[in-house]
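Structure record follows, encoded as structure tokens.
Atoms within each ligand, like the ligands themselves, are counted from 1 in listed order. One is the number of the first residue; the rest follow in order along the sequence.
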Amino acid sequence: VTELARTPETFRTEARESLADPQLLDAYASATQRLYDNRLAGWAELPDAEAMRTRAHEIRMRVIDDLDRNLDEYEAALGRNGVHVKRARDAAEASAYVVDLCRRSGARLVAKSKSMASEEIGLNDALEAAGLRAVETDLGEYILQLRGGHPQHIVAPAIGLTADDVSELFTRAEGTPVSAELPDLAASARRQLREIFLTADVGVTGANFGVVETGSICLVTNEGNAGLVTALPRIHVALVGMERLVSTLDDLAVLLQLLARSGTGQKLTTYTRLLSGPRREGDQDGPEEMHVVILDNGRSNLRRGRYREMLACIRCGACLNVCPVYRKSGGGAYGPVYSGPMGAVLVPLVVGLERAQALPHASSLCGACTDACPVKIPLHELLLDLRRDLVDEGIAPAWERLAFTAWSWAWSSPFRYRASTALARLGQPLGARFGPGRAWASGRALPRLAGRRFRDRR
Ligand code: SF4
């Protein structure tokens with residue numbers, strides 16, 4: 001899990017770099033705005049969107065509240081379908097399983113479909129260290145692999161890059177000029193990836209959901225690459241986060257409607273695949289072997305207590321597109337995998353607060369993420385709770401702990417409250433120039449604190 005850790009310094013440095021790059025800011029602004037508008041249009045078509053969100057929340061929490069039983073049943077159902085199952089406690093165990101499987105089967109080339117779980121466990125590095133070639137086949141992920149970088153958004157990994165950037169990368173990869181016109185870029189990607197699909201020995205995917213009643217994995221994509229990665233190679237390995245289960249196909253149908261609408265505004269993604277085992281007699285394609293790796297990697301830490309609602313996340317990306325901090329700081333600031341409000345909550349819980357203490361502060365607490373979340377995760381409240389934990393556990397800097405203690409003391413008596421607000425009004429101009437809020441105030445006009453007469457009128 002250390003891959004995900006983030007020091008306050010790295011967050012600030014990466015965010016500053018993003019803020020100083022007008023092209024990146026433009027790319028983030030236009031892409032997130034487009035996804036945001038599409039989501040609103042998609043949701044407007046639902047007759048009772050609020051009731052569906054409530055239902056989706058119940059569906060997810062029902063599974064999470066009884067996760068042990070659901071995992072046992074899922075494992076049994078997969079076994080009945082002829083799927084090999086591995087429960088991996090951490091990234092090292094999950095990667096070792098995939099590497100060992102590749103070695104035992106004499107594989108050399110691994111074709112990958114987009115999987116945040118595989119990013120999380122650093123699978124590409126593990127495969128390459130073992131002398132295997134791993135190639136991403138999702139277009140955004142492939143572009144990032146050519147360029148050398150991590151996903152910037154959980155739905156649109158190469159969100160910060162322009163068509164010109166991609167044309168440059170493809171020109172270098174093909175050794176012949178590729179224009180920045182979209183049909184030319186698509187044709188170039190097809191040329192480069194077709195050979196990979198046809199010659200890969202192992203296909204690796206994630207799973208959007210695992211269906212307990214049928215022992216299936218569900219994959220949703222818009223590019224069709226997951227179909228080729230799961231149908232052509234001899235072996236298919238799916239990495240499934242332990243919390244990504246749904247009990248029934250009926251529950252899956254509800255979540256699928258919300259996932260696509262929240263991510264891209266589509267009614268459904270172009271391809272929705274349910275895979276329930278390796279190739280059977282009479283099948284025209286499919287792998288000879290199918291393996292499912294069920295990944296814990298810190299998720300168990302969240303299962304009890306108030307943070308367990310975070311396990312309901314269906315990785316739609318809607319909270320990123322509405323977040324004023326993510327839209328400016330960029331995905332890189334949050335770390336290599338999970339970004340935006342969902343990352344700011346999830347990463348500290350998985351790696352430990354002391355290893356990602358900047359992330360709970362990467363929020364204005366405006367609540368837009370909570371309103372956008374299709375499974376009703378109270379993201380901004382969880383961020384506030386994490387900030388409280390930072391103080392309670394003594395992880396927050398001494399000045400911050402002192403400030404909150406002083407604030408609590410001052411505001412617990414009417415006299416001290418009035419005296420402190422009068423002092424704050426007097427000191428406000430100095431505070432904006434020299435105090436801890438100076439970085440915030442350098443790009444904004446700090447509103448004047450309300451005077452006594454104004455408060456009395458209210
Ligand atoms: S937290 Fe909610 S809005 Fe954000 S990615 Fe997860 S499901 Fe989507």
* **Aromatic ring pairing F11/Y334, orientation class (parallel under 30°, perpendicular over 60°, tilted between)** =>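 Taking Y334 first and then F11, their aromatic rings stand perpendicular (interplane angle over 60°).
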* Is the shortest heavy-atom distance from the side chain of M242 to the side chain of L71 under 4.5 Å? -> yes
* Asked: Are Y271 and R273 close enough that some pair of their side-chain heavy atoms sits under 4.5 Å apart?
  -> yes
* Structure fact -> Shell check on atom 2 (Fe) of ligand 1: protein N, O or S atoms less than 2.8 Å away are C373 SG
* To do: Would you please say whether a donor-acceptor pair under 3.5 Å links the side chains of N81 and S276?
  =>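 No donor-acceptor contact under 3.5 Å links the two side chains.
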* To do: Check whether any side-chain N or O of N225 sits under 3.5 Å from a backbone N or O of S113 as a donor-acceptor pair, and report yes or no.
  => no
Which pairs would a plain distance check flag for residues 337-344, meaning a side-chain donor or acceptor within less than 3.5 Å of a matching protein atom at least two apart in sequence or in another chain?
{"from": "Y338", "atom 1": "OH", "to": "E120", "atom 2": "OE1", "distance (Å)": "2.5"}

* Asked: Of the listed options (A56, G317, G263), which comes nearest to atom 5 (S) of ligand 1 when hydrogens are ignored and any heavy atom counts?
  ->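 Among A56, G317, G263, the closest heavy atom to atom 5 (S) of ligand 1 belongs to G317.
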